[in-house]
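Step one of this worksheet: look at the structure below.
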Amino acid sequence: MEQQNMEKYAQLVLQKGVNIQKNQPLVINAPIEGAYFVREMAKQAYALGAKEVHVNWADDTLTYLTYKHANEEVFQTYPKWKVMLQESYAEQGAAFVSIHATDPDLLQDVDPTRIAEANKSAGIALKTYREYIMNDKVCWTVISIPTTGWAKKVFPDVSEEEAIEKLWHEIMKMVRVDKEDPIAAWDAHNDLLKKANDYLNEKQYEKLVLKAEGTNLEVGLPKDHIWAGGVAISEDGTVFNPNMPTEEVFTAPHKYNVNGVVSSTKPLNYGGNVIDDFQLTFKDGMVVDYQAKQGEEVLKHLLESDDGAKRLGELALVPHESPISQSGLIFYNTLFDENASCHIALGKAYPTNVARGPEMDEAALDKNGINDSMVHVDFMIGSAEMNIDGVTADGKVEPIFKDGTWAVTFK
């Protein structure tokens, strides 16, 4: 990628992603293969007045070796020092950038039980840190950069070098760095998402009905639910973009009021394994049956993570004509694939998706239908055939999506 575009991308992430402030610490979670980009981000962050840049490095090869050969006890615990590190930075009001770029096939020959144990241990240990993130107490964003394993999965028929270059090209388009003024382009995009949020928040539908091939799902919505998407606002009033790219508006389903069947429309990369062509059946909010043509054992472990993993924590609407969908590519990366398609998430809901949610304790959130879990896993259900109706409190049915796109016009 050209140096100029890399600089523009780093600036965009820092200014629109986390909106870094003077004397604010920055924590970057990154693959070691992307060190060159992380160094550019650190350089730009310091230029913007960051107090400190701390990097937590990850390496696919070392991750694989650990899962294959480490003692079983390693997966049943999570290092306290890692918990303290994340929590201490969160307490300082740090901004967090997470770069997701794992090889989708990394752990395909690893015992799924080991992965499930590791995910469970991390989920329990990082509960407090995740509350900082999911309640928008701090500014955070998730982005991606190409890594060799991921690029070759998306573009298997070209050389590694060409695959990385092609993936960089796609990412630059999706995050609008190819525009003359990416920040202005994001301002305009955020404004459009706000109009969709405002429309749905005013409607306050009692439930949504989703219908497509393999999907007939009724999703109840909590009283005083909030649709969000685009920008978020942290506890101290800083405006930031949690996902780059983002094309969604989303809310929390009522954890006890989801019924019917839903089918995936894109593969799900979950912890280095691919789950594909799967279907879930819900009754009173809980998954009561499931099947998958690929990765069924991994799906089983995901659903058994805890009680909340069998319930929904998010419903997101994305029009089929989103730039990511129109690329025609499957990215095997949830950050990108979820922004190509309407999607739902198993597990924890964002408390910010209900009025006064961040102030509620666990019992109050449960009473208001907001799900809790150690996991939050998005999977794609949208297509050009997706139709969605909103049902009002008095039973009136109104179209929201028709043939995969908005059936309403926002002013």
Side-chain angles (χ1 to χ4, degrees), residues 189-232 243 245-266 280 282 285 311-326 337-346 349-350 352-355 368-371 378-411:
H189 181 55
N190 284 330
D191 184 56
L192 183 64
L193 293 174
K194 182 181 183 301
K195 288 178 180 177
N197 289 330
D198 289 346
Y199 176 87
L200 292 168
N201 284 327
E202 187 177 336
K203 284 290 184 180
Q204 281 294 302
Y205 288 114
E206 190 168 89
K207 65 180 176 181
L208 299 189
V209 180
L210 291 71
K211 291 185 178 180
E213 186 177 351
T215 292
N216 189 347
L217 190 70
E218 291 193 1
V219 180
L221 301 177
K223 188 172 184 254
D224 296 327
H225 62 273
I226 295 172
W227 287 88
V231 300
N243 286 355
T246 187
E247 303 289 337
E248 65 176 345
V249 296
F250 65 94
T251 194
H254 194 294
K255 65 182 288 187
Y256 298 115
N257 191 12
V258 179
N259 291 280
V261 178
V262 65
S263 296
S264 67
T265 52
K266 288 180 181 288
L280 306 176
F282 288 86
R311 298 184 183 274
L312 292 185
E314 182 182 324
L315 167 64
L317 308 184
V318 181
H320 186 65
E321 70 269 19
S322 85
I324 300 167
S325 176
Q326 292 306 301
D337 289 331
E338 74 170 6
N339 284 298
S341 165
C342 290
H343 55 275
I344 53 181
L346 292 165
Y350 290 93
T352 50
N353 280 137
V354 68
N368 281 272
I370 303 301
N371 194 33
D378 299 276
F379 65 94
M380 287 53 77
I381 62 170
S383 68
E385 288 73 48
M386 174 62 76
N387 293 314
I388 303 174
D389 290 329
V391 181
T392 63
D394 60 3
K396 185 180 178 183
V397 178
E398 300 176 346
I400 299 175
F401 260 55
K402 182 169 175 54
D403 298 330
T405 193
W406 291 105
V408 293
T409 303
F410 309 119
K411 298 178 182 178

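By convention here, the first residue in the shown sequence is residue 1. Fair warning: this is a prediction, and the values are worked out from it, not measured in the lab.
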Rounded to the nearest 0.5 Å, how far apart are CD of Glu314 and OH of Tyr350?
6.0 Å
Going by an N to O cut-off under 4.0 Å, is there a salt bridge joining Lys203 and Glu398?
yes
Indicate the atoms forming the closest heavy-atom contact of His225 with Gln204, along with that distance.
O-NE2, 2.8 Å
Trp406-Phe401 aromatic ring centre distance below 6.0 Å:
yes
What are the two closest non-hydrogen atoms of Leu193 and Val249, and how far apart are they?
O-CG1, 3.8 Å
Check whether any side-chain heavy atom of Asn197 lies under 4.5 Å from a side-chain heavy atom of Ile226, and answer yes or no.
no
From Ile400 CD1 over to Ile388 CD1, what is the distance, rounded to the nearest 0.5 angstrom?
7.0 Å
Using only atom types and a distance under 3.5 Å, with no angle test, would you say the side chain of Asp224 pairs donor to acceptor with the backbone of Val354?
no
Do Glu338 and Asn243 make a side-chain contact, defined as non-hydrogen atoms from C-beta onward lying under 4.5 Å apart?
yes
Quick check on Glu202: does its CD atom have over 12 non-hydrogen neighbours (other residues, nucleotides or ligands) under 6.0 Å away?
no
For the student: nearest non-hydrogen atoms of Asn353 and Ala228, plus distance:
ND2-CB, 4.0 Å
Check Pro222 against Ala252 and note the closest heavy-atom contact, atom names and distance.
CD-O, 2.9 Å
If you look at every heavy atom in Ala349 and Ile370, which pair is closest and at what distance?
CB-CG2, 3.7 Å
Answer yes or no: is there a side-chain heavy-atom contact under 4.5 Å between Lys266 and Ser341?
yes
Output for pair (Phe250 CZ, Ile344 CD1), nearest 0.5 Å, gives 15.0 Å
Is the side chain of Arg311 donor-acceptor paired with the backbone N or O of Lys255 at a distance under 3.5 Å, no angle test?
yes
Value rounded to 0.5 Å, distance of OG in Ser264 from CE in Met380:
8.5 Å
Taking the side chain as C-beta and beyond, is there a heavy-atom pair between Leu315 and Leu210 under 4.5 Å?
yes
Ignoring hydrogens, what is the shortest heavy-atom contact between Ser383 and Thr265? Give both atom names and the distance.
CB-CG2, 4.4 Å
Please report the interatomic distance OG(Ser322) to CG(Asn339), rounded to the nearest 0.5 Å.
7.0 Å
Applying ring-ring contact (aromatic ring centres under 6.0 Å, His included), which residue pairs with at least one partner in residues 204-224 are found, sequence neighbours left out?
none
dist Glu385:CD -> Lys211:NZ (nearest 0.5 Å) comes out at 15.5 Å
Taking the side chain from Asn387 and the backbone from Asp403, do they hold a donor-acceptor pair closer than 3.5 Å?
yes
Are the side chain of Asn259 and the backbone N or O of Leu217 linked by a donor-acceptor pair below 3.5 Å?
no
Would you indicate whether the side-chain heavy atoms of Leu346 and Leu312 approach each other to under 4.5 Å?
yes
Any sub-3.5 Å donor-acceptor pair from Ser325's side-chain atoms to His320's backbone N or O?
yes
Val262 backbone acceptor or donor facing Thr215 side chain under 3.5 Å
no
Under the rule for side-chain contact (heavy atoms from CB on, under 4.5 Å), what residues qualify as partners of Lys207, not counting sequence neighbours?
Glu218, Val391
